[in-house]
Amino acid sequence: MKDLLISGIQTALRDIGVNDTREIHIEKPADEKFGDASTNIAMVLAKELKKNPRQIAADIVAKLPFRNDAVERTEIAGAGFINFYFSNAFVTNAVQAILEQGESFGRSSVGAGKKALVEYVSANPTGPLTVGRGRGGVLGDTIANLLDAQGYSVTREYYFNNAGRQMRILGDSVKLRYLELCGEKMDFPDDYYQGNYIKDIAQKIFEQFGDSKKEAAAPYFFKEFAEAEIFESIKQTLHRLGIRHDSFFNELELYRRDCDEPSRNDRVIAELDNLGYIERKDGAIWLKTSLLGKKTVNKETKEEVAVDTVLVKSNGEPSYRLPDIAYHITKYERGFDLMVNVFGADHIDEYPDVLRALKALGYDETRVKVAINQFVTTTVNGEVVKMSTRKGNADLLDALIDDVGADATRFFFMMRSKESHLNFDLELAKKQSSDNPVFYLQYAHARICGIVRVAEDTSGFTAKASEYGLLSVLAAKEELELAKTLLRFPEAIEVAAESLEPQKLINYLNDVAAAFHKFYVECRIVGEEERVMKSRLYLSLATRQVLKNGFKILGISAPEKM
RNA sequence: GUGCCCGUAGCUCAGUUGGAUAGAGCAUCAGCCUUCUAAGCUGAGGGUCACUGGUUCGAACCCAGUCGGGCACGCCA
């Protein structure tokens, strides 16, 4: 529809002598009395044509080429808006198309033939997932679903590191707890992992091996045992939320040297060196981000200074930025056209360095999109609970799912814009289980299922494609309003996918549910004259289809009874 | 101090990328079930869109500055 309007306006513009390919903005007016769609093109042109915008609007309208009957009438209003009113026939025909397309309604082919990689969760296996991680996981999973709906071939990836200092501390923490179980009294350092899960893992080892591991002959035994346990629990938690990954990328891959071949990390250094972006100083290897536009301000002098970034520490170990760069290169090599990274606000300073390096190496860095989500503040009875895996008082994602269920958990994480801090009151979420916002949407779906069941039982209704034409009977205000809302679904997905904001899809589905509930209250279905009843049943079925398709993308269930 | 994010109704937040009278949920108040699910619908009250300037036909949205909150600023990841 939008395309039809735009091409029509372009034709009209040509006819009145405005010849350019400017973007024509079409929007849905806030107030229904201003029609179903409107454009501000006349006001945009007013300045350069030096004419009254209303006059320009009149000129355009006079030349609009709509020969078919999709647009019933066109009006000029306000300062020069051109408002379009769709015909009922156009709207009801489009609803028929929803029923015909079924599960594929809303899907698009704009990403067809393109490969997208979405990286999310990517927590190192040092402990159970926290509530904060859950938000990124849910957002990533849904963004992947959105891109899939846009036609992309999507790979979901989890990037992790099972080496390094953090993992050593993990192994040592488990070992200490284990030795305690073996009856040895010892101090447990503050900077070790304090969580109860450490004790649980130690207990498991003790039950399995008794005190036979006391001497810790294999230095990595505790670390590896703990890693396997924790990874399993992370996957289990993700599974409860319907989050899955197609591939797990181990950071160690980037360090591996096969038969004296340089590692991927080595190659990044060598290539950057060739390009003159490497400097060796103080025993470390630096990326000269000073040449790539990185600046900061000196605290004392308040002058802007260019700064460099360490890639390899003086002890010979790469800093995390080097493997990050190498990792991204594997994404390009694997042929991805779009790479989305979902991570928390604490990584906000990291990715610009990576992008700078990629650009310097000749990669198109605009193919990388970063979706930063702000933190989740968890409160209990109004008091903020701070999260820290190390401290062990973390509010665990699993506990949250136990409390409010998977649907509500997913929904809460997505219902706020990802740039906003999410205020998740655990007590409230528990209590709210009956008037939780997710139920507003699901209730609409369940209601439709109820109506259809009654229609089947009382009048032997079964949906038949040959009867879809009865939708043309629809005429009531609430019916048409609902129908028009349903038609916006493909655009809602597109906007949500492009902005990487699942929340925009939720807002749209809220409109659908609201429009349906209003329709339900005003328009009886079962018991009405047959043609009316059926037209309303088909409208309801189309609504159910849109809700169902939307829920699938959001990863929440579509209950038939509530 | 520097960078990013946020500041909109009593509370939690939307606001279609600069449009028409700024919206929803919760909370408060007043209505709607002998008929398909009242987890719903209708209405009322509630606003200096943090503040000050600027840009223009037009600003919650863009620019500059100020105030307040969060996060990050390491040869940790």
Side-chain angles (χ1 to χ4, degrees), chain A residues 25-31 33-34 38 40 43-44 46-47 52-53 77-81 83 122 124 126 161 164-166 251 282-286 295-300 302 304 309-321 323-324 344-350 352 372-375 377 415-423 425 428 432-440 442-444 446-455 457-458 488 491-492 495 499 503-504 506-508 510-511 513-514 516-528 533 536-537 540 561-562:
Chain A
H25 202 69
I26 302 280
E27 63 175 16
K28 180 191 180 305
D31 193 322
K33 77 175 180 227
F34 294 126
S38 102
N40 62 351
M43 290 179 286
V44 173
K47 195 165 191 179
N52 180 339
F81 291 100
N83 296 334
S122 294
N124 288 338
T126 57
N161 176 2
R165 184 167 159 272
Q166 310 254 341
E251 186 181 323
D282 305 332
I285 300 177
W286 298 71
K295 286 182 183 133
T296 188
V297 171
N298 185 301
K299 229 181 272 184
E300 317 281 314
K302 304 209 171 172
E304 276 203 335
T309 309
V310 168
L311 290 185
V312 180
K313 300 182 253 177
S314 52
N315 66 4
E317 282 183 28
S319 84
Y320 65 93
R321 282 173 220 258
D324 264 1
D346 51 343
H347 287 253
I348 218 154
D349 284 330
E350 167 187 356
I372 301 266
N373 58 284
Q374 293 294 327
F375 280 114
T377 312
M415 69 188 208
R416 302 297 176 222
S417 131
K418 66 182 184 306
E419 276 89 29
S420 294
H421 299 257
L422 178 63
N423 195 350
D425 188 318
L428 192 70
Q432 261 189 345
S433 57
S434 69
D435 59 349
N436 194 301
V438 68
F439 292 128
Y440 183 76
Q442 292 180 322
Y443 183 57
R447 237 182 182 178
I448 294 169
C449 293
I451 295 165
V452 172
R453 276 193 301 272
V454 172
D457 292 349
T458 61
R488 284 164 40 212
E491 193 186 336
V495 169
S499 60
Q503 186 231 10
K504 292 187 192 278
I506 288 184
N507 286 346
Y508 164 76
N510 238 309
D511 289 348
F516 176 76
H517 288 311
K518 280 177 194 169
F519 157 75
Y520 173 86
V521 167
E522 294 301 322
C523 303
R524 267 208 80 71
I525 299 173
V526 176
E528 293 293 299
M533 177 184 82
R536 290 176 175 170
L537 278 168
S540 300
K561 281 184 183 171
M562 284 175 78

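Side chains are part of it too, since the values below use all heavy atoms of this structure and drop only hydrogens, waters and symmetry mates. Chain letters run A, B, ... following the sequence lines, proteins first, then strands; residues in each count from 1. Keep in mind that this is a model prediction, so the values were computed, not measured.
Of the candidate nucleotides B:rC13, B:rU16, B:rG69, B:rC13 has the atom nearest to the side chain of A:Asn423. Checking B:rU16, B:rU17, B:rU42 against the side-chain heavy atoms of A:His25 singles out B:rU17 as nearest. Of the candidates B:rG70, B:rU42, B:rC75, B:rG70 carries the atom nearest the A:His421 side chain, counting heavy atoms from C-beta on. Side-chain proximity of A:Lys313 to B:rU37, B:rA14, B:rA77: nearest is B:rA77. With B:rC13, B:rU21, B:rU37 as the choices, the nucleotide that has an atom nearest any side-chain atom of A:Lys33 turns out to be B:rU21. Of the candidate nucleotides B:rG70, B:rU37, B:rU35, B:rU37 has the atom nearest to the side chain of A:Lys561. Checking B:rC13, B:rC75, B:rC41 against the side-chain heavy atoms of A:His517 singles out B:rC41 as nearest. With B:rA77, B:rC5, B:rU37 as the choices, the nucleotide that has an atom nearest any side-chain atom of A:Ser319 turns out to be B:rA77. Of the candidates B:rA14, B:rC57, B:rU17, B:rA14 carries the atom nearest the A:Arg416 side chain, counting heavy atoms from C-beta on. Here the nucleotide nearest the side chain of A:Ala345, chosen from B:rC13, B:rC71, B:rC5, is B:rC71.
B:rG19 has no stacking from A:Phe81 on its base ring, since the centres under 5.5 angstrom apart and planes within 30 degrees of parallel are not both found. Using a 5.5 Å limit on the distance between ring centres and a 30° limit on the angle between planes, the aromatic ring of A:Phe34 counts as stacked on the six-membered base ring of B:rA20.
Here the rule is side chain to side chain contact (heavy atoms under 4.5 Å, CB included) with A:Ile525, and of A:Ile448, A:Val452, A:Val454, A:Ile451 only A:Ile451 fits it.
B:rG58 and B:rU21 have their P atoms separated by 14 Å, given to the nearest Å. With P as the reference atom, B:rG15 and B:rG23 are 15 Å apart, rounded to whole Å. Rounded to a whole angstrom, the distance from the P atom of B:rA22 to that of B:rU48 is 13 Å. Here the separation of B:rC62 from B:rG18, taken at their P atoms, is 7 Å to the nearest Å. Nucleotides B:rA59 and B:rG1 are separated by 31 Å at their C1' atoms, to the nearest Å. Between the C1' atoms of B:rA60 and B:rA14, the separation comes to 12 Å (whole Å). B:rG54 and B:rC73 have their C1' atoms separated by 32 Å, with the value rounded to a whole Å. Nucleotides B:rA24 and B:rC41 place their C1' atoms 15 Å apart, quoted to the nearest Å.
Atom P of nucleotide B:rC76 and atom CG of A:Asn161 are separated by 14 Å, given to the nearest angstrom. In this structure, CZ of A:Arg321 is placed 9 Å from P of B:rG74, rounded to the nearest angstrom. Protein atom CG of A:Asp31 is 16 Å distant from nucleotide atom P of B:rG19, rounded to whole Å. What separates CD1 of A:Ile506 from C1' of B:rG23 is a distance of 18 Å, to the nearest Å. Between the P atom of B:rU37 and the CD atom of A:Gln442 lies a distance of 18 Å, rounded to the nearest Å. Atom CG in A:Asn510 sits about 12 Å away from atom P in B:rG15, given to the nearest Å. Atoms OH (A:Tyr440) and C1' (B:rC26) sit 14 Å apart, rounded to a whole Å. Regarding A:Tyr443, its OH atom lies at a distance of 5 Å from the P atom of B:rA39, rounded to whole Å.
A heavy-atom distance below 4.5 Å is not found between the side chains of A:Tyr320 and A:Glu251. Considering only heavy atoms from C-beta on, A:Glu27 comes within 4.5 Å of A:Ser38 through its side chain. Looking only at side-chain heavy atoms (C-beta outward), A:Gln374 and A:Arg416 stay at 4.5 Å or farther from each other.
A:Tyr508 comes within contact range of no nucleotide atom at all, as no heavy-atom separation falls under 4.0 Å. A:Ser38 comes within 4.0 angstrom of a nucleotide base, judged by non-hydrogen atoms across all strands. Counting non-hydrogen atoms under 4.0 angstrom, A:Lys504 reaches the backbone sugars and phosphates but no base. Base contact: A:Ser314 has a heavy atom under 4.0 Å from a base atom. Among the atoms of the strands shown, none is found under 4.0 Å from any heavy atom of A:Asn52. A:Asn124 comes within contact range of the sugar-phosphate backbone alone, with a heavy-atom separation under 4.0 Å but no base atom that close. No engagement by A:Glu317 is indicated, since no non-hydrogen atom pair under 4.0 Å with the nucleic acid exists. Contacts of A:Val521 with the nucleic acid, taken as non-hydrogen atoms under 4.0 Å apart, involve only primed sugar atoms and P, OP1 or OP2. Among the atoms of the strands shown, base atoms are found under 4.0 Å from some heavy atom of A:Lys28.
Ranked by how close their nearest RNA chain B nucleotide is to the 5' end, A:Val312 and A:Ala446 are led by A:Ala446. The nearest heavy atom of RNA chain B to A:Arg453 and to A:Ala513 marks one nucleotide each, and the one closer to the 5' end goes with A:Arg453.
Pairing for B:rA14 is absent, with no Watson-Crick or G-U wobble pair whose two atom distances lie under 3.5 Å. In this structure, B:rG7 and B:rC67 make a Watson-Crick or G-U wobble pair, each of the two defining distances being under 3.5 angstrom.
Nucleotide B:rU48 carries an anti base; the chi torsion (O4'-C1'-N9-C4 or O4'-C1'-N1-C2) is more than 90° from 0.
Here the closest non-hydrogen pair linking A:Asn161 and A:Asn124 is N-OD1, 2.8 Å.
Aromatic ring centres of A:Tyr440 and A:Tyr443 lie farther apart than the 6.0 Å criterion allows.
The side-chain hydrogen bond (donor to acceptor under 3.5 Å, both in side chains) test applied to A:Asn52 returns no partner, not counting sequence neighbours.
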